[in-house]
Amino acid sequence: MLEGIEFLHKQMFWLLLLLPLAIVWYLFTMKKQTAELKISSVKGFKITKSWLSSLRPVLFVFRLLALGLLITALARPRTVDVSSKTKTTRGIDIVMAIDVSASMLAKDLLPNRLEALKKVASQFIQGRPNDRIGLVEYAGESYTKTPITSDKSIVLRSLRDIKYNTIIEGGTAIGMGLATSVNRLKDSKAKSKVIILLTDGVNNSGFIDPKIASELAVEYGIKTYTIGLGTNGMALSPIAMKSNGSFQYGRVQVEIDEELLKEIAEVTGGKYFRATNNKKLEEIYGEINKLEKTEVEEFKFYNYEEKYRPLVLLAGLLLLLELLLRYTIFRSFI
């Protein structure tokens, strides 16, 4: 885009200090530039003052303007048209494994754990324009919500649709959630493969041991960041289903298998985080965003257009006009 005018030789503007010196010189020598005739008496002469004589300083103004234009031309004004092109040199494939068990409706995060997660995850996805992202849901079993794709609109729409349901088997199958995520990434050609696994409980379901799933992640070079979601102590959580289909809430002790999550992260080269509130959850995704940087190469193209030529031409016209007027209309007599 057009960045405006720049001057290649800005030091030339110091020459503009010559202009006030030229004005001082002109004021001191103005009378000497007009021919004079001395006579003893003007009594027999009718004296009239020509209006042209009052316009004579215009010649000096033309010369002064020409000098200013030439100095500006020496400073090399030019416009710069800058265009850029970006190329992703190292993209990242990311799978977000999200626990959708009933405990994710606990209200220790606002409005509840699942909705708080969806909001922060949405911001994370929008901040990764150069990466491919997929979604995996798990509770007592797991399945792929969205395969890895570069189309963020599809991923965001799928994320918005995630909610607790009674179709998927209850419980928390961390091993199966991790294994399904590994399966989505194992054939990826990306130089960096990452799983962000979030849970608010302990592994109590599924037929795949989390440690086995971790070994699979290591085998395929997949780094896993684990997040334990939930406050310390008691949380207002679903404890029963009412006849109308809504949940009855009660105070429940928050239990997260932090040792398991730490082990998964350590074995795979990732990191474990604990999110006890909305702000902490945002900070965690922000830190993961910083840790997993996509390498982007940017090429910039500069197109310069010199602007000194019109200034030189205008200065030349002013000097030519000054000479023509000096030796025609304002010509002095002897």
Side-chain angles (χ1 to χ4, degrees), residues 95-109 111-118 121 134-148 158-186 195-217 222 224-231 234-265 267-268 270 272-275 281:
V95 169
M96 303 173 73
I98 300 172
D99 187 345
V100 293
S101 58
S103 58
M104 284 293 287
L105 300 179
K107 297 183 178 180
D108 48 351
L109 276 75
N112 59 48
R113 293 173 184 172
L114 185 57
E115 291 303 317
L117 166 66
K118 287 164 62 175
L135 299 176
V136 166
E137 286 187 22
Y138 72 95
E141 55 186 337
S142 66
Y143 69 94
T144 301
K145 179 73 172 177
T146 305
I148 52 174
S158 296
L159 180 66
R160 285 194 297 269
D161 291 341
I162 290 178
K163 57 186 177 181
Y164 170 77
N165 62 73
T166 56
I167 298 174
I168 190 169
E169 184 181 330
T172 303
I174 296 175
M176 293 191 66
L178 181 56
T180 301
S181 301
V182 170
N183 191 48
R184 300 315 313 179
L185 286 170
K186 64 183 179 66
I195 293 171
I196 302 174
L197 184 142
L198 182 141
T199 184
D200 66 345
V202 297
N203 186 68
N204 55 22
S205 300
F207 54 84
I208 299 178
D209 189 292
K211 294 182 180 180
I212 300 297
S214 299
E215 292 173 4
L216 287 172
I222 301 170
T224 304
Y225 292 99
T226 56
I227 302 174
L229 184 61
T231 189
M234 309 289 284
L236 192 62
S237 305
I239 57 173
M241 183 82 74
K242 296 180 182 178
S243 57
N244 60 4
S246 63
F247 280 106
Q248 179 181 338
Y249 284 81
R251 306 293 294 182
V252 176
Q253 180 69 37
V254 176
E255 295 182 4
I256 298 174
D257 194 344
E258 291 193 284
E259 291 305 315
L260 173 62
L261 296 178
K262 287 177 182 177
E263 184 179 349
I264 292 172
V267 167
T268 61
Y272 169 70
F273 301 93
R274 177 68 184 268
L281 183 61

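Residue indices begin at 1 and follow the sequence shown. In this text the structure is predicted, and so the values were computed from the model without any measurement.
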J.: To the nearest 0.5 Å, what is the distance between NZ (K163) and CE (M104)?
T.: 15.5 Å

J.: Evaluate the side chain to side chain contact (heavy atoms under 4.5 Å, CB included) criterion for residues L236 and R251: first the C-alpha distance (whole Å), next the side-chain angles of each, then the deciding distance (0.1 Å), finally the verdict.
T.: CA-CA 5 Å; L236 192 62; R251 306 293 294 182; 4.1 Å; yes

J.: Write down the atom of G140, the atom of A173, and the distance for their closest heavy-atom approach.
T.: O-CB, 3.5 Å

J.: Less than 4.5 Å apart, any side-chain heavy atom of E215 and any of I212?
T.: yes

J.: Is there any side-chain hydrogen bond (donor to acceptor under 3.5 Å, both in side chains) pair reaching into residues 168-186, and which pairs are they, with sequence neighbours excluded?
T.: S142-T180

J.: Once you round to the nearest 0.5 Å, how far does CG of D257 lie from CG of L261?
T.: 6.0 Å

J.: Which pairs pass side-chain hydrogen bond (donor to acceptor under 3.5 Å, both in side chains) with one or both residues in residues 195-213, sequence neighbours excluded?
T.: D99-T199, S103-D200, R113-D200

J.: Restricting to non-hydrogen atoms, name the atom on L178 and the atom on P210 that form the minimum distance, rounded to 0.1 Å.
T.: CD2-O, 4.0 Å

J.: Looking at I162 and E137, what are the two nearest heavy atoms and their distance?
T.: CG1-OE2, 3.2 Å

J.: Considering non-hydrogen atoms only, spot the tightest contact between T146 and S158 and give its length.
T.: OG1-OG, 2.8 Å

J.: Which heavy atom in A102 sits nearest to a heavy atom in F247, and how many Å separate them?
T.: CB-CZ, 4.4 Å

J.: Can you measure from CE (M234) to CG (D108) and round to the nearest 0.5 angstrom?
T.: 11.5 Å

J.: Which value, rounded to the nearest 0.5 Å, describes the distance between E115 atom CD and Y164 atom OH?
T.: 15.0 Å

J.: Quick one: pull up OH in Y225 and CD1 in I196 and give me the separation to the nearest 0.5 Å.
T.: 8.5 Å

J.: Mind checking whether L281 and L198 have side chains closer than 4.5 Å, heavy atoms only?
T.: yes

J.: Which atom names give the shortest non-hydrogen contact between I256 and G228, and what distance separates them?
T.: CD1-C, 3.9 Å

J.: Report the residue from L229, L117, T231 that forms a side-chain contact (heavy atoms from CB on, under 4.5 Å) with L109.
T.: L229

J.: Apply side chain to side chain contact (heavy atoms under 4.5 Å, CB included) to the pair T268 and I222, showing each step before the final yes or no.
T.: CA-CA 7 Å; T268 61; I222 301 170; over 6 Å; no

J.: In a check of side-chain contact (heavy atoms from CB on, under 4.5 Å) between Y138 and each of I98, L197, V100, which one passes?
T.: L197

